[in-house]
Structures are given as C-alpha cells and as structure tokens.
2 protein chains.
Amino acid sequence: MAPRTPIQLEKVRAKSRTKIINAAIELFARKGYHATSISSIAAKAGIAKGLLYHYFKSKSELLDEILKNSLSEVDEPMQALMMPGDPVDKMALLIESTFAMVQSDIKRWKLLVSIMTQYEVLIRIRKIFSKMMQGYLEIFEHLFKEMKVPQPKLEAYRLAATIDGVMLHYIYYLPDGYPLEEIKNEIIQQYAKYRKKKK
Amino acid sequence: MAPRTPIQLEKVRAKSRTKIINAAIELFARKGYHATSISSIAAKAGIAKGLLYHYFKSKSELLDEILKNSLSEVDEPMQALMMPGDPVDKMALLIESTFAMVQSDIKRWKLLVSIMTQYEVLIRIRKIFSKMMQGYLEIFEHLFKEMKVPQPKLEAYRLAATIDGVMLHYIYYLPDGYPLEEIKNEIIQQYAKYRKKKK
DNA sequence: TTTTTTTGACTGAACGATTGGTCAAAAAAA
DNA sequence: TTTTTTTGACCAATCGTTCAGTCAAAAAAA
C-alpha cells in the first residue's frame, strides 16, 4: 500500500505537521482563534491552504490537537510529587517547575489562557482544564496538611490563584522587567518556616 | 425646527443604546469579540441590524464604548485611599471593594479579561490597562511601606497577582462554590499583624 | 380643532470582502 | 506505473457595513 519507505514518509509528514502547528500556535496566541484565518496560518507555515486540510480535518481540530498536546505538558510537574521527602522541598520544586514550564513556552501559555478566557470553550477542553485545576488544588492541600499549615484547603486555593495571577501578569501585562524570579522565590520562601527540623 | 421634544427623544435613544450595549456585553463576554456577529447582537437586543449602525459607527467602536465605561469603574475603589487612617484598614477596604466590584458584575469582568487576553489588543486599551495596573501596584507599595512590610514592592506585585488570580478562578474556572469570601478574608487577615497598636 | 410638514428612530435587502472548506490536477517519490 | 504530498482556483456561507425607504409622533400652519 505504501510505495515509499514508511519511515522517511513519516518524517516528511511530521515536518509539515510541525510547520503548520507552530504557525497556528503563534497566530492563535497573538490574534486569538477566531481572528486567525486558515489562509494566514498556511501563509505563515509557508504551505498552500489545501495542504492544511490534508493533515487536519478542520480549523477546530487543529486547535484541539494543539490544546491536547499543551495540556498534557501540564501534568509533568506533578510527577516529582510521588517520591517521599520534606513537603516544603516538594512544594518548592512544584512551584519552580510550574513557573519554568511557562517561562520556556510563553506562546503556548498565552494561547491556553486566551482560549480559556475566550468564547464558550469546547466543553471537553474546559473539563480537562477544570480537572487539572482540581489536581493542583488537591496536591497543594495535601502538602499543606503535611506541613501543618493552619487552613490547608484555603491556602491551596490562595496559592493556586497567586501562581495563575503571576503567570497572567508575566504573560500579558508586564512582560518586560516583570520580577518573576523574585516573586517566585518569595512565594517559596514563605513556606520555609514549615520545614521540619528533624534529621 | 425641532418637531419632537429633545428630552423624550433622548430617552428613546438611551433606551435603544442600552439595549444594544447590554446585548453586546453579554455576547462579547460569552463568545468573545470576534466570534460575536453584529446580527446576533441585533437579534439579542431585539432590533434591526441597521439600527446598530445608527448608534455606533462600527463593531469595534461599540467595543470601545463598552471598554471605556468598564475601565472607568475600576478607579472607584481607589478613591477611598485618599483619606488618612490605618494602612491596614485602608488595604482591607481596597481589597473588599475591588472584589465587590467584580462580584457585582461578573459579565463585565469576563469581557474585560477576555479582551485583554485575546488577540492583539487595541494599543489604547492596553495602555489604559497597564496604567491601571501600575496604579494598583503603587498604592499597594505605598500602603505596605506605611505598614512596614519587609519587601513592599515585591509584596505589592504578589498581592496584585493574587487578587487577579482569585478573580480569574472565580470568574472562569470554578464559578460554583468558589470560596471567594473565605479567601478574601484570609488575604485581608494576613496583614492584620501589621496594624499599629497606637491609640 | 384639523391638516400638513418635518423629524429621526428604525427596518431589512443588498453589497463587497472574507471566511472555512473542497477538489481536480500537478509534482514528487517510490 | 502507483501512491502520496502539494497546489491554488474555486465554492457557498457569512461577515461587517450601507442605504433607500417606512413610520409614528411632534411642530407648524390652517
């Protein structure tokens, strides 16, 4: 069925797909989903419009694909929490890696935020986001309980809000000279007093 | 020269304008600016498409009008800061009134956030937003200095981020059962220790 | 009072531009 | 040859916007 070696074929496919996806991320993040036309994506990717429909069924499927990939990245920082250790250290690591994730790919997060705050988001996507949020809240609460923080649940909500707020400001309002590192360290440091003294 | 009394005329005009603006806020907030059509606004407002252009030059001017009104509301909570008093009390008041503002008109804030996180925002609007943000930061810093908080500038950034983060979560992610009051009180309470003991 | 004139809010068909999406055919690779 | 990638002209639908025209009501005239 395939006259070409499937391996090299896949390389070509992947290359074209990547070009399209990167162009789409760039434009969706900057202009928003609805304000971005298929033609402009194709132009940015350096391909013909028709080819886009060879790889993606529709504009919304292209968005879906990007969102799926982006959201799966979010789970990564969670992995470090499995191993045992001082909850203060684990919390610091979680916060560090969460911020690092955003810093390394601002465009992607701009897109995610713009989609979530835009029109009636596809229910599926909203559900994934909501579940992600719940996951963060639970882990925060769990760690706060370990740390014996007075009101673990409330504190979890507050930390989640602070992190998202910092991200928002960093990404949108004050991209130049925003003291991200300092704020990050201050957030982490406030929990230092809960570190266990044991050896 | 004027066959109809200008006073009654103005009433009619105001009524229609309000109908259009309310419909636009609703739809812009829910669907986003670009995904909302003029036809749908007219339909929701219960008027003909043409009438919209009798009152507004264009779709973007309609958005501008709404944004201008919305942004002017933001300055209100600032007014209370002029009078003298314990900075802790003033801070509490500022936080209270800021949250109250959002709670009383979620749709408007959804719209504001969606516009700010959407496509390349009109430069004018972004400037206003940025200035607003700077204003908040400066007031926070000033109050923190009065309160003798260790790192007033950093703490200002953090508080601004927390407030915006809480708003974001309240508005979008967890509208049902979000413990807004509790978080608000916790935020306020953390500064209680800086209250002056003097009489 | 009754009639006529004048106003501007309001309508909806129609406009050109642009959209997301299709498809026959060329190009490329085997 | 066969298969797949790639192209760009093309389509119907929808977009924001325009505009000729309707109509209820107020002012002016009788």
Side-chain angles (χ1 to χ4, degrees), chain A residues 1-25 27-28 30-67 115 118-120 122, chain B residues 1-25 27-28 30-67 115 118-120 122:
Chain A
M1 273 207 203
R4 220 171 304 185
T5 59
I7 302 146
Q8 289 220 333
L9 199 87
E10 202 49 48
K11 265 192 185 172
V12 177
R13 296 196 106 247
K15 198 175 168 187
S16 286
R17 275 181 63 97
T18 308
K19 272 202 295 185
I20 294 170
I21 285 183
N22 284 342
I25 289 178
L27 289 171
F28 284 162
R30 219 172 66 208
K31 307 247 203 188
Y33 174 74
H34 282 104
T36 301
S37 67
I38 293 285
S39 310
S40 69
I41 297 174
K44 179 134 219 151
I47 55 139
K49 204 162 65 153
L51 188 60
L52 199 147
Y53 284 91
H54 181 70
Y55 289 107
F56 301 95
K57 275 215 303 257
S58 65
K59 186 185 178 184
S60 76
E61 209 213 48
L62 171 58
L63 174 65
D64 270 28
E65 184 88 11
I66 293 171
L67 291 182
I115 289 296
Q118 223 162 332
Y119 73 115
E120 283 165 338
L122 323 166
Chain B
M1 273 208 200
R4 216 168 307 186
T5 58
I7 303 147
Q8 290 219 331
L9 200 84
E10 201 49 48
K11 265 191 184 172
V12 177
R13 294 195 109 251
K15 199 174 167 188
S16 286
R17 273 182 65 96
T18 309
K19 272 202 295 185
I20 293 170
I21 285 183
N22 284 342
I25 290 177
L27 289 170
F28 284 161
R30 219 172 65 207
K31 306 248 202 189
Y33 174 73
H34 281 104
T36 300
S37 67
I38 292 284
S39 308
S40 67
I41 297 174
K44 178 137 218 147
I47 55 138
K49 217 162 43 153
L51 187 61
L52 200 147
Y53 284 90
H54 184 70
Y55 289 107
F56 302 95
K57 274 217 300 261
S58 65
K59 186 185 178 184
S60 77
E61 210 213 48
L62 171 58
L63 174 66
D64 269 28
E65 183 88 11
I66 292 171
L67 291 182
I115 289 297
Q118 223 162 334
Y119 73 116
E120 284 164 338
L122 323 166

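Residue numbers start from 1 in every chain, and the chains themselves are labelled A, B, ... in the order their sequence lines are given, proteins ahead of strands. A quick note: this is a predicted structure, and the numbers were derived from the prediction, not measured.
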Identified pairing partner of [N], criterion: Watson-Crick or G-U wobble below 3.5 Å:
| N | answer |
| --- | --- |
| dA27(C) | dT4(D) |
| dC11(D) | dG20(C) |
| dT22(D) | dA9(C) |

Whole-Å distance separating the [atom1] atom of [X] from the [atom2] atom of [N]:
| X | N | atom1 | atom2 | answer |
| --- | --- | --- | --- | --- |
| Lys19(B) | dT11(C) | NZ | C1' | 13 Å |
| Tyr53(A) | dT5(D) | OH | P | 18 Å |
| Lys31(A) | dT18(C) | NZ | P | 13 Å |
| Leu51(B) | dA9(C) | CG | P | 8 Å |
| His54(B) | dT18(D) | NE2 | C1' | 14 Å |
| Ile20(A) | dG21(C) | CD1 | P | 14 Å |
| His34(B) | dT14(D) | NE2 | C1' | 15 Å |
| Phe28(B) | dG16(D) | CZ | C1' | 12 Å |

Selected nucleotide, minimal atom distance to Tyr55(B) side chain, candidates dG20(C), dA9(C), dT11(C):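 Output: dA9(C).
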
Nucleotide nearest Ser37(A) (side chain, heavy atoms from C-beta), chosen from dT19(C), dA9(C), dT5(D):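 So the nucleotide nearest the side chain must be dT19(C).
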
Side-chain heavy atoms of Ile21(B) within contact of Leu62(B), under 4.5 Å: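 Of all side-chain heavy-atom pairs linking Leu62(B) with Ile21(B), at least one is under 4.5 Å.
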
Heavy-atom side-chain proximity of Arg17(B) to Phe56(B) below 4.5 angstrom: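 Arg17(B) reaches Phe56(B) side chain to side chain.
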
From Glu65(B) atom CD to Ser60(B) atom OG, the distance as rounded to the nearest 0.5 Å: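 Taking CD in Glu65(B) and OG in Ser60(B), the distance rounds to 11.5 Å.
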
Thr36(A) versus Lys59(A), closest heavy-atom pair with distance: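 Result for this residue pair: O-NZ, 2.7 Å.
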
Short side-chain N/O contact from Ser39(A) to OP1 or OP2 of dG20(C), under 4.0 Å: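 Checking Ser39(A) against dG20(C): no side-chain N or O falls below 4.0 Å of OP1 or OP2.
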
Cation over ring face, Lys19(A) and Tyr55(A), 6.0 Å, 45°: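 Judged by the rule, Lys19(A) and Tyr55(A) form no cation-pi pair.
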
hbond_proxy Lys49(A) side chain to dT7(D) base (donor-acceptor, 3.5 Å cutoff):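 Absent.
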
Sugar-phosphate, base or nothing in reach of Ser40(B), heavy atoms under 4.0 Å: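 Nothing, no heavy atom under 4.0 Å.
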
